[in-house]
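Data first, discussion second: the structure below is written as structure tokens.
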There are 2 protein chains.
Amino acid sequence: MPEEPLHRQIADDLRQRILGGELQAGDPVPSENALMAEYGVAQGTARKALGALVAEGLTEARRGSGTRVRGFRPILRRGSRRLDRSVWGEGRSVWEVDLDGRPLEVDRLTVQEQPCPERLAGALGIAIGDPVWVRDRRYLVEGEPVMLAASYHPASIVAGSAITREDTGPGGAPARLAELGFAAVHYREQARTRMPLPGEAAALELGAGTPVMLVVRYGWAEGGVPVEVTEMTADGSRYLMEWEFPA
Amino acid sequence: MPEEPLHRQIADDLRQRILGGELQAGDPVPSENALMAEYGVAQGTARKALGALVAEGLTEARRGSGTRVRGFRPILRRGSRRLDRSVWGEGRSVWEVDLDGRPLEVDRLTVQEQPCPERLAGALGIAIGDPVWVRDRRYLVEGEPVMLAASYHPASIVAGSAITREDTGPGGAPARLAELGFAAVHYREQARTRMPLPGEAAALELGAGTPVMLVVRYGWAEGGVPVEVTEMTADGSRYLMEWEFPA
DNA sequence: AAGGATTTGTTCGTATGTATT
DNA sequence: TAATACATACGAACAAATCCT
């Protein structure tokens, strides 16, 4: 008879307690048994209510321990870095940023030559299957994975340079591209979001209900020559992306 | 006994069929009954496997009808519009963009004066509770909601202007700000993602497993005066965000 | 147009496994 | 070791929406 299913009513109750501030980050949420008693429902129903909150990313369940409220303290990634931030409002963001301090470490770096995959050929201005160098890596903050990134460069440009080695040297890939006469002068970045594939969830150690932010950066040298495409897969619960531009 | 739970094995099978291209967008996924027969499991187990794919946003279930594979054809939103796109690679994006053509319509527009909420006071350079004008609206594409947006302007700047009325006139709010001597000359945008709250899911008619992309735009006039903060909530399955900037 | 078959959605109950406290 | 709490899986029944004959 209930127009609203029981499990959703319970989930709504719990969600309100969380969003209303009654239950704060780290606080335990009532257990399945507690909900069975409180609402007089079967375990499956209590379980479904708790599962809904997990799927929304509001809570985190651990076997034997219980279910707790999650928090959000993002890392800030700035797309454009050149402008002086102090000019335009030191102004607090609407989100509290757990900024800086903690350095990004690189993990699981692989560098190899591959045939250019179909989706990148147009953006790199080369043919499908043409050789590209791929720098694939994982970023950690305080030992926890937060982002995956793979950079692609046409082999016709970077072959023989330090970009094809693990250590790109001082200034990194941008500096090497500049030495090759192909300094990137213009970037375009595209971002979308979706739920992670199992492989991504594993590599980023994502909890259920955590979407990923996908960012693709396209870089061009003078004259419109494509020199880089980077595909990033970021933990949506850890990242805040920022871009800055004139009106 | 199974190291990998049954429902996950089944989900993995189905996922592979989808990602491998065997099942394409719009195709029906085996029903609960079919899975019960094929794998010899109870309904709850088959159901959980199907539910996992729905939660990942890969499929969409409709009662009485069945479960089908979802597609992704995003709308492109450009943050910065000034640069000539043709200069930097007509280059295809890594994602197929169902670009342009279809206009954005505005729906459910409300304009009202409110006390400034805490999270925006710093960014707007005013005190909590100071009056701000809020333009709240929903955007549709072909009748379907795709984004919610709320723009905030300090009343001290926009009071009396057309920005406080539903119809802002030709050129919209930016043109009116310019007339007031507070043309925005610099923008900063921040983006993050998370699963939607129930209210957001309802307003955007989101299917399960669809995250939202949250974008906040901060606008400043000459001299660093804050003139605008806009909070956007976009359907993650419909939007591709783009920014462009010099290296 | 009516009705039956199909398909997903909800809820109950029961049992057992596994990780944590 | 024992208690707690989440995880998996079974079976059964009914409801609600859709589809097809």
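Predicted, not measured: the structure shown is a model, and the values here were computed from it. Per chain, numbering begins at 1; letters A, B, ... match sequence-line order. Note that these values count all heavy atoms, side chains included, but never hydrogens, waters or copies made by symmetry.
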Closer than 4.0 angstrom, basic N to acidic O: yes or no for A:E244 and B:R188? yes

Distance, rounded to the nearest Å, where A:M36 contributes CE and D:dT4 contributes P: 14 Å

Near-strand residues of residues 196-211 of chain A, defined as heavy-atom separation under 4.0 angstrom from DNA chain D: none

Please examine the side chains of A:V69 and A:V29, heavy atoms only from C-beta on, and report whether any two atoms are closer than 4.5 Å. yes

Return the value, rounded to whole Å, for the distance between atom CG of B:N33 and atom C1' of D:dC19. 15 Å

Whole-Å distance, B:E60 CD to D:dT18 C1', equals 15 Å

Using a cutoff of under 3.5 Å, can you pull out all pairs of nitrogen or oxygen atoms linking the protein to nucleotides 19-21 of chain C, with atom names and distances?
| residue | atom | partner | partner atom | Å |
| --- | --- | --- | --- | --- |
| C:dT20 | O4' | A:R63 | O | 3.3 |

Donor-acceptor pairs are to be reported for all side-chain atoms of residues 104-111 of chain B against protein atoms at under 3.5 Å, with residues two or more places apart or in another chain.
| residue | atom | partner | partner atom | Å |
| --- | --- | --- | --- | --- |
| B:D107 | OD2 | B:R138 | NE | 2.9 |
| B:D107 | OD2 | B:R138 | NH2 | 2.5 |

To the nearest 0.5 Å, tell me how far A:L76 CG sits from A:M241 CE. 9.5 Å

Applying side-chain contact (heavy atoms from CB on, under 4.5 Å), can you list everything that pairs with A:V41, at least two apart in sequence or on another chain? A:L6, A:I10, A:Y39, A:T45, A:A46

Looking at B:T67, I'd like to know whether one of its side-chain N or O atoms comes within less than 4.0 Å of OP1 or OP2 on C:dT7. no

For A:T233, check side-chain contact (heavy atoms from CB on, under 4.5 Å) against everything at least two apart and list the hits. A:L148, A:E200, A:L204, A:V212, A:L214

Specify the separation, in whole Å, of atom CZ of A:R8 and atom P of D:dA16. 14 Å

Quick one, B:R68 and B:E60 - any side-chain contact, counting heavy atoms below 4.5 Å? no

Between B:E4 and B:Q9, do the side chains contain an N or O donor and an N or O acceptor separated by less than 3.5 Å? no

With a sphere of 6.0 Å drawn around CD of B:Q16, does it hold more than 12 non-hydrogen atoms of other residues, nucleotides or ligands? no

B:R47 atom CZ is separated from C:dT8 atom P, nearest whole Å, by 8 Å

Protein-nucleic acid N or O pairs under 3.5 Å, nucleotides 10-13 of chain D:
| residue | atom | partner | partner atom | Å |
| --- | --- | --- | --- | --- |
| D:dC10 | OP2 | B:A42 | N | 3.0 |
| D:dC10 | OP2 | B:T45 | OG1 | 2.5 |
| D:dA13 | N6 | B:Q43 | OE1 | 3.4 |

Just the rounded figure in Å: distance from P of C:dT6 to CG of B:L35. 16 Å

What is the ring orientation for B:W95 with B:F72, classed by angle as parallel under 30°, tilted 30 to 60°, or perpendicular over 60°? perpendicular

Starting at atom CD of A:E32, determine the distance to atom P of C:dT18, rounded to an integer number of angstrom. 17 Å

Can you tell me which residue among A:R135, A:R217, A:R119, A:R192 is in a salt bridge (charged side-chain N to carboxylate O under 4.0 Å, His left out) with A:E231? A:R119

Integer-rounded Å distance: C:dC12 C1' and A:K48 NZ: 13 Å

